[in-house]
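Report on the structure given below.
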2 protein chains.
Amino acid sequence: MASNAVMEETLQVLKDHKLRVTPQRHIILAYLVSHHNHPTVETIRDGLGKELPNIGSSTIYNTLNTFVDHHLVVELQNGDGSTHYDYFGSPHYHAICTNCGRIVDVTYPGFDETERNLEKKTAELSGYMISGNHMEVYGLCPECQIKLGIKSND
Amino acid sequence: MASNAVMEETLQVLKDHKLRVTPQRHIILAYLVSHHNHPTVETIRDGLGKELPNIGSSTIYNTLNTFVDHHLVVELQNGDGSTHYDYFGSPHYHAICTNCGRIVDVTYPGFDETERNLEKKTAELSGYMISGNHMEVYGLCPECQIKLGIKSND
DNA sequence: TAGTAAGTGAGAACCATTCCAATGTAACAA
DNA sequence: TTGTTACATTGGAATGGTTCTCACTTACTA
């Protein structure tokens, strides 16, 4: 039922964006909506093993690019050479571990204002007509701090 | 003379970072310090035609990766499939045109505070030990606004 | 100045992503 | 419901940015 809710939600999202509703798009978007693991194309393909065992990589790439074009999804690079994707629900940014590549979502009250302010300043200073932004913070995740002996595990 | 100043400055930068001073590193860094065109590896190779006609791509990649590791240079993606590089002088971020890929540097009084605040919040919320950040704003550059008939050229 | 750890360069290898052409199908209208 | 058509999917080939390999060279240190 949670599953059903997700499916209905994503179905509606696709329709709202006037995207043709194919099983592939439906299932891929549902996967992104219900997972917050910032998957790569490969991860998605694995995760869809049961539902779409024969899906082609091209389809996943095409679908994700379409979603990105429609601002349903954002692209992320964590430095491992492949692109990660994240469903764009509510405003947030990412903290990326420079050691293991782990990506976590971060937000805080007032973050949207910071974001708006950055865009406003940029418009004034550069003359660009702003359509979006991307903020990332790098560092060592708690586990890697322990692993590297920087922080004790207590 | 401007050229000499740049060369001396970069020489010092390399020494400060305890990097072995090879002609290749020296010249590549000088190129980055004196150009603000956010070059790709290909652009750099072309720009070094006179000074280092026989430099290998591997060397440029190696050198840039070393600079990135030492936080002398930052990596940028503007969506054209290749990586762009930018000498990290004073704190700034980038506005990237979604139509033509043009990248411009932006900063404003108080930007460093915004940056510090973002890092502080992130540390509190995620437990990451922060080492850096990356902020980008997307939109249409003034020229593309005109080209696409969104803004009149007056 | 000699020894050596590190850097360079040419080309091969890698692999994420895109392209292509044939096939399949969702959406819309009659 | 059916037919039409434009769009989506597929798998394999092609692309191209980046890394790897290894023989050769060189900047640093004692």
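Throughout, a chain's letter reflects where its sequence line sits, starting with A, and its residues are numbered from 1.
- When rounded to the nearest whole Å, the span between CD1 of I60(A) and C1' of dA8(D) equals 14 Å.
- Listed pair N65(A) / dT18(C) meets the phosphate criterion, a side-chain N or O lying under 4.0 Å from OP1 or OP2.
- Residues I103(B) and L64(B) fall into different hydrophobic clusters, defined by Ile, Leu, Val, Met, Phe, Trp and Tyr side chains chained together at heavy-atom separations under 4.5 Å.
- Taking atom CG of D69(A) as the reference point, atom P of dC7(D) lies 15 Å away to the nearest angstrom.
- Side-chain N or O atoms of H84(B) include one that pairs as donor or acceptor with a backbone N or O of H38(B) at under 3.5 Å.
- Rounded to an integer number of Å, the gap from CD of E51(B) to C1' of dT8(C) is 17 Å.
- Taking OG1 of T63(A) as the start and CD1 of I55(A) as the end, the distance is 6.0 Å to the nearest 0.5 Å.
- Under the 30°/60° scheme for interplanar angles, the aromatic rings of H70(A) and H17(A) are found to stand perpendicular.
- Side-chain proximity of T59(A) to the nucleotides dT9(D), dT8(C), dA10(C) is greatest for dT9(D).
- When rounded to the nearest whole Å, the span between CZ of R45(A) and P of dA16(C) equals 12 Å.
- Rounded to a whole Å, the OH atom of Y85(A) is 9 Å from the C1' atom of dT17(C).
- Using a 4.5 Å cut-off on side-chain heavy atoms (C-beta onward), E113(A) and N117(A) make no contact.
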Quiz item: What one-letter contact string describes nucleotides 20-30 of chain D from 5' to 3', where B marks a base within less than 4.0 Å of any protein heavy atom, S marks contact via sugar-phosphate atoms alone, and - marks no contact?
Solution: B------BS--

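- Across the protein-nucleic acid pair, D46(B) atom CG and dG17(D) atom P stand 12 Å apart, rounded to whole Å.
- One finds no side-chain N or O of T40(B) lying less than 4.0 angstrom from the OP1 or OP2 phosphate oxygen of dG17(D).
- Looking at H36(B) and D105(B), their side chains never bring a donor and an acceptor atom within 3.5 Å of each other.
- Between N54(A) atom CG and dA8(D) atom C1' the separation is 16 Å, expressed in whole Å.
- One N or O on the side chain of T107(A) and one on the backbone of P91(A) form a donor-acceptor pair closer than 3.5 Å.
- Put simply, Q24(B) has a side-chain N or O that comes within less than 4.0 Å of OP1 or OP2 on dG9(C).
- Among the protein residues, S57(B) comes within range of no part of the nucleic acid, since none of its heavy atoms lies under 4.0 Å from any strand.
- The CG atom of D80(B) sits 12 Å away from the P atom of dT18(C) (whole-angstrom rounding).
- Under 4.0 angstrom from either OP1 or OP2 of dT18(D) there lies at least one side-chain N or O belonging to Y61(B).
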